[in-house]
Amino acid sequence: MKKYEMLLLLKSDMEEEAREAELAKYRDIVSSKGGAVESTDKWGVKKTAYPISFQSEAFYVLMKFSAEADAVKELDRVAGLSNAVLRRMITKAE
């Protein structure tokens with residue numbers, strides 16, 4: 001298994017319960033594909049460099065995990081379909 005980092009920009013006006021449910025969905029995907037989530041760092045609401053979908057603030061989350069390639073593809077697919085996610089980026093960790 002390789003190590004990855006996933007940076008999520010969630011809508012800043014989400015309720016805490018909805019935000020936790022969204023993050024739990026991604027943790028469940030990693031664990032169901034045989035991976036393991038090492039950490040989930042919530043950076044909080046920060047101003048974006050430019051407006052994304054007419055929003056100038058987003059809730060930043062960095063999730064570090066180990067998984068196979070099929071889990072990464074599924075994470076990217078599900079995050080792309082979610083209305084709560086403004087941007088996402090998955091990279092290999094060193």
Side-chain angles (χ1 to χ4, degrees):
M1 279 194 274
K2 295 182 180 174
K3 294 186 179 205
Y4 295 93
E5 292 180 346
M6 179 173 173
L7 182 65
L8 288 168
L9 274 64
L10 302 174
K11 290 184 176 179
S12 61
D13 58 353
M14 290 177 68
E15 295 291 328
E16 182 68 29
E17 298 85 25
R19 188 179 304 126
E20 287 300 323
E22 189 75 18
L23 295 175
K25 180 169 56 172
Y26 301 121
R27 286 192 291 263
D28 291 344
I29 290 171
V30 171
S31 60
S32 70
K33 298 284 185 176
V37 176
E38 295 168 10
S39 68
T40 304
D41 297 328
K42 298 173 191 158
W43 295 351
V45 176
K46 297 189 179 290
K47 189 166 176 63
T48 58
Y50 53 88
I52 304 170
S53 300
F54 304 105
Q55 297 197 18
S56 59
E57 291 184 335
F59 189 91
Y60 286 68
V61 179
L62 179 68
M63 185 172 82
K64 296 180 180 183
F65 62 97
S66 301
E68 298 294 335
D70 60 338
V72 175
K73 286 182 182 179
E74 182 66 12
L75 277 174
D76 193 43
R77 186 188 73 80
V78 172
L81 294 173
S82 175
N83 291 334
V85 177
L86 297 175
R87 289 283 190 272
R88 82 256 184 220
M89 182 173 65
I90 303 173
T91 57
K92 281 186 188 176
E94 300 254 344

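Just so we're clear, the structure is a prediction, and the values are computed from it rather than from any experiment. Note: hydrogens, waters and symmetry copies are ignored here, and every other heavy atom, side chains too, is used.
By the salt bridge (Lys or Arg N to Asp or Glu O under 4.0 Å) test, Glu68 pairs with no residue at all, sequence neighbours left out. Under the rule for a ring-ring contact (aromatic ring centres under 6.0 Å, His included), the partners of Phe65 that lie at least two apart in sequence or sit in another chain are Tyr4.
Nearest heavy-atom pair, Met6 versus Ala79, reported as atom, atom and distance to 0.1 Å: CE-CB, 4.0 Å. Minimum heavy-atom separation, Val30 to Ser66: CG1-O, 4.1 Å.
Under the 4.5 Å side-chain contact rule for hydrophobic residues, Met14 and Leu23 share a cluster. In terms of hydrophobic clustering, with Ile, Leu, Val, Met, Phe, Trp and Tyr side chains grouped at heavy-atom distances under 4.5 Å, Leu8 and Val78 are assigned to a common cluster. The cluster map of Ile, Leu, Val, Met, Phe, Trp and Tyr, joined by side-chain heavy atoms under 4.5 Å apart, puts Leu9 and Trp43 in the same cluster.
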All N/O donor-acceptor pairs, side-chain side in residues 45-64, below 3.5 Å, sequence neighbours left out:
from	atom 1	to	atom 2	distance (Å)
Thr48	OG1	Tyr50	O	2.8
Thr48	OG1	Ser56	O	3.1

Identify every side-chain donor-acceptor pair in residues 85-94 under 3.5 Å, counting partners at least two apart or on other chains, and give the distances.
from	atom 1	to	atom 2	distance (Å)
Arg88	NE	Asp76	OD1	2.9
Arg88	NH2	Asp76	OD1	3.4

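Counting only residues at least two apart or on different chains, the side-chain hydrogen bond (donor to acceptor under 3.5 Å, both in side chains) pairs with a member in residues 12-32 are Glu16-Arg19, Glu20-Lys42, Glu22-Lys25, Glu22-Tyr26, Glu22-Ser82. Residue pairs meeting the salt bridge (charged side-chain N to carboxylate O under 4.0 Å, His left out) criterion with at least one member in residues 31-41, sequence neighbours excluded: Lys3-Glu38.
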